[in-house]
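First comes the structure, then the notes that go with it.
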Amino acid sequence: MRFWLMKSEPDEVSIDHLAALPQQTVAWFGVRNYQARNFMRDQMQLGDGVLFYHSSCAEPGIAGLAEVASAAYPDATQFDPASPYHDPQSDLQHPRWLNVDVKLVRKTRLLSLQEMRERPELADMRVLQRGNRLSITPVDPQHWQAVLTLLEGAA
DNA sequence: GCCAACGTTGGC
DNA sequence: GCCAACGTTGGC
């Protein structure tokens, strides 16, 4: 079992949106970066742990826990001319972009980016490294555990 | 709105 | 295959 941090803009899909969806599950559409796509395609497995992260917003940080709920399959938005994620270069027979489904486990308190940066036990997390822009990053087991402890401790 | 960082594109 | 230009991300 692996662990991941997945960024979502709450204007698009927030933790509360996810909680309100049928099955509390959403297709993780819109990834347009090969490295992030490859994580979904090659490494994610059903049941992998996900830190649901709010980015590009007033209070960036971890907002809940989720899990990988499907294998990777073609991202429908790449073929939708009305979508901002439309990719006219992608071919129906050989889709360029994939997504997995992500299912809510539970909403948590917000573990803010600021607090994450203050915690020495999280200092090596990939998402905190300088210049990191990947929307999906692997999370080491010890970081996963440290985040859970922070979420359960000081709630 | 600014800007550092980094991925992608495209000319050569 | 190099690399400059450009576009995007995302915190501030």
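The chains referred to below are lettered A, B, ... by the order of the sequence lines, with proteins before strands, and numbering in each begins at 1.
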Name all residues meeting the side-chain hydrogen bond (donor to acceptor under 3.5 Å, both in side chains) criterion together with A/Trp4; count only those two or more places apart in sequence or in a different chain, and write none if there are none. A/Asp48
Under the side-chain hydrogen bond (donor to acceptor under 3.5 Å, both in side chains) test, which residues partner A/Ser90, sequence neighbours left out? A/Gln78
Grab the N/O contacts between the protein and nucleotides 8-12 of chain C below 3.5 Å, and write none if there aren't any.
unit_1: C/dT8; atom_1: O2; unit_2: A/Arg133; atom_2: NH1; d: 2.4
unit_1: C/dT9; atom_1: O3'; unit_2: A/Arg133; atom_2: O; d: 3.4
unit_1: C/dG10; atom_1: OP1; unit_2: A/Lys7; atom_2: NZ; d: 2.7
unit_1: C/dG10; atom_1: OP1; unit_2: A/Arg133; atom_2: O; d: 2.9
unit_1: C/dG11; atom_1: OP1; unit_2: A/Tyr53; atom_2: OH; d: 3.0
unit_1: C/dG11; atom_1: OP2; unit_2: A/Ser56; atom_2: N; d: 2.9

Residues forming a side chain to side chain contact (heavy atoms under 4.5 Å, CB included) with A/Asp16, sequence neighbours excluded: A/Ser14, A/Lys107
Which pairs pass ring-ring contact (aromatic ring centres under 6.0 Å, His included) with one or both residues in residues 94-117 of chain A, sequence neighbours excluded? A/Tyr34-A/Trp97
Going by side chain to side chain contact (heavy atoms under 4.5 Å, CB included), name the residues that satisfy it together with A/Gln89, two or more places apart in sequence or in a different chain. A/Asp87, A/Arg96
Qualifying side-chain hydrogen bond (donor to acceptor under 3.5 Å, both in side chains) pairs with a residue from residues 58-75 of chain A, counting only residues at least two apart or across chains: A/Arg32-A/Asp75, A/Tyr73-A/Asp101, A/Asp75-A/Thr77
Between the opening five pairs and the closing five pairs of the helix from B/dG1-C/dC12 to B/dC12-C/dG1, how far apart are the helix axes, to 10°? 10°
Please confirm whether the backbone N or O of A/Val26 pairs with a side-chain atom of A/Lys103, one donor and one acceptor, at under 3.5 Å? no
side-chain hydrogen bond (donor to acceptor under 3.5 Å, both in side chains) pairs, two or more places apart, involving residues 127-141 of chain A: none
What contact category does A/Arg32 fall into here, base, sugar-phosphate, or nothing, at under 4.0 angstrom with non-hydrogen atoms? nothing
